[in-house]
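Whatever order the structure lists them in is the order used to number ligands and atoms, beginning at 1. Position 1 is the first residue of the sequence; numbering continues from there.
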Amino acid sequence: MEKMPYREELDMRVSPGIDESVVSTDWRSGLPALGGRMVTLRDLRASDAASLFAMLTTEEVSRFISPPPTTVEGFEKFIAWAHRQRQAGEYLCFAVTVKGFDTAIGIFQVRDLNSCLDTAEWGFAIGSPFWGTGVFEDAANLVIEFAFDTLGVRRLEARAAVQNGRGLGALLKIGAVQEAVLRKSFEKNGRQLDQILFAILERDWRMAGGPPKEVRRAHIH
Ligand SMILES: CC(C)(COP(=O)(O)OP(=O)(O)OC[C@H]1O[C@@H](n2cnc3c(N)ncnc32)[C@H](O)[C@@H]1OP(=O)(O)O)[C@@H](O)C(=O)NCCC(=O)NCCS
């Protein structure tokens, strides 16, 4: 998801104040924490704004994605927006944390594309100190499993700019299949970039045996 669906300039609402103590099996009421080999994924909290600002606004992270919020306050608004979108059942966003630490170092987003979550699009960004560490693959497998098993997604799409070598390499290594080139489909700094459309089908994923062994785990709550 090169294009973050959140647009700060369009979001004028004040956060209603989410009760984060609620733990529910209904993901719309609150995301479960998912534990992998290296990471724990959990719902975003307002207090993640400062670390996400530090991790995701660097030039190397934001080079091929739509501009993230430019201030800590902008990230607070994004987090409040993400909670509202989750409650509406249209979108969700996991914070990525390294096991044993609570600091958010990245995000994984999933957006409904056809109003019944049959087809969804996902996108991700991780702070560059954690690139090449295995954090991405571990978190990605948790999100894929959550999308197919809990959300009922059957087709999980991703788009990556052709210049985004790491993004393309990351998608290929977790089994996403390149389907098409979307010509001039993404604008970045006044340039129209081509994107590759990738998809992972739930059917293929199950036929391949589902999540890798190390990802088979229980939800933390
Ligand atoms: C996308 C992202 C989450 C991936 O995390 P990561 O830790 O960098 O990913 P990994 O290192 O596990 O995998 C990237 C793979 O691409 C490969 N790669 C790196 N540069 C590449 C290039 N120019 N062309 C092709 N492959 C490349 C790496 O070698 C690696 O494969 P390997 O592990 O088999 O060696 C992270 O790079 C990021 O946050 N990027 C900025 C945000 C972004 O672009 N998000 C949108 C992605 S569609």
Chemist: Has K99 got a side-chain atom pairing as donor or acceptor with G35's backbone, closer than 3.5 angstrom?
Modeler: no

Chemist: Please list all pairs meeting side-chain hydrogen bond (donor to acceptor under 3.5 Å, both in side chains) that have one or both residues in residues 51-60, counting only residues at least two apart or in different chains.
Modeler: E59-R63, E60-S128

Chemist: Out of R159, R63, R166, whose heavy atom sits nearest atom 19 (C) of ligand 1?
Modeler: R166

Chemist: For D102, which residues count as a side-chain contact (heavy atoms from CB on, under 4.5 Å) partner, sequence neighbours excluded?
Modeler: R42, R45

Chemist: Going by the order shown, which atoms of ligand 1 are within less than 4.0 Å of some heavy atom of I65?
Modeler: 43 (C), 44 (O), 45 (N), 46 (C)

Chemist: Check each of A170, G132, A161 against atom 6 (P) of ligand 1 and report the one with the nearest heavy atom.
Modeler: G132

Chemist: Can you figure out which of W122, F124, F108 has its heavy atom closest to atom 1 (C) of ligand 1?
Modeler: F124

Chemist: Should we count CZ of R155 as having more than 12 external heavy atoms under 6.0 Å?
Modeler: yes

Chemist: Does ligand 1 have any atom sitting under 4.0 Å from a heavy atom of K173?
Modeler: yes

Chemist: Where does L168 meet ligand 1, judged by heavy-atom distances below 4.0 Å: at the side chain, the backbone, both, or neither?
Modeler: neither

Chemist: Classify the ring geometry between F75 and F53 as parallel (under 30°), tilted (30 to 60°) or perpendicular (over 60°).
Modeler: perpendicular

Chemist: Counting each atom of ligand 1 from 1 as listed, which ones have a heavy atom of N164 under 4.0 Å away?
Modeler: 43 (C), 44 (O), 46 (C), 47 (C)

Chemist: Looking at I65, is its backbone amide N or carbonyl O close enough to the side chain of K188 to form a donor-acceptor pair, meaning the two atoms are under 3.5 Å apart?
Modeler: yes

Chemist: Do ligand 1 and I126 have nitrogen or oxygen atoms that lie under 3.5 Å from each other?
Modeler: yes

Chemist: Using the ring of each side chain (for Trp, its six-membered ring), is F94 parallel, tilted or perpendicular to F146, with breaks at 30° and 60°?
Modeler: perpendicular

Chemist: Go through ligand 1 atom by atom and flag the ones less than 4.0 Å from a non-hydrogen atom of A160.
Modeler: 48 (S)

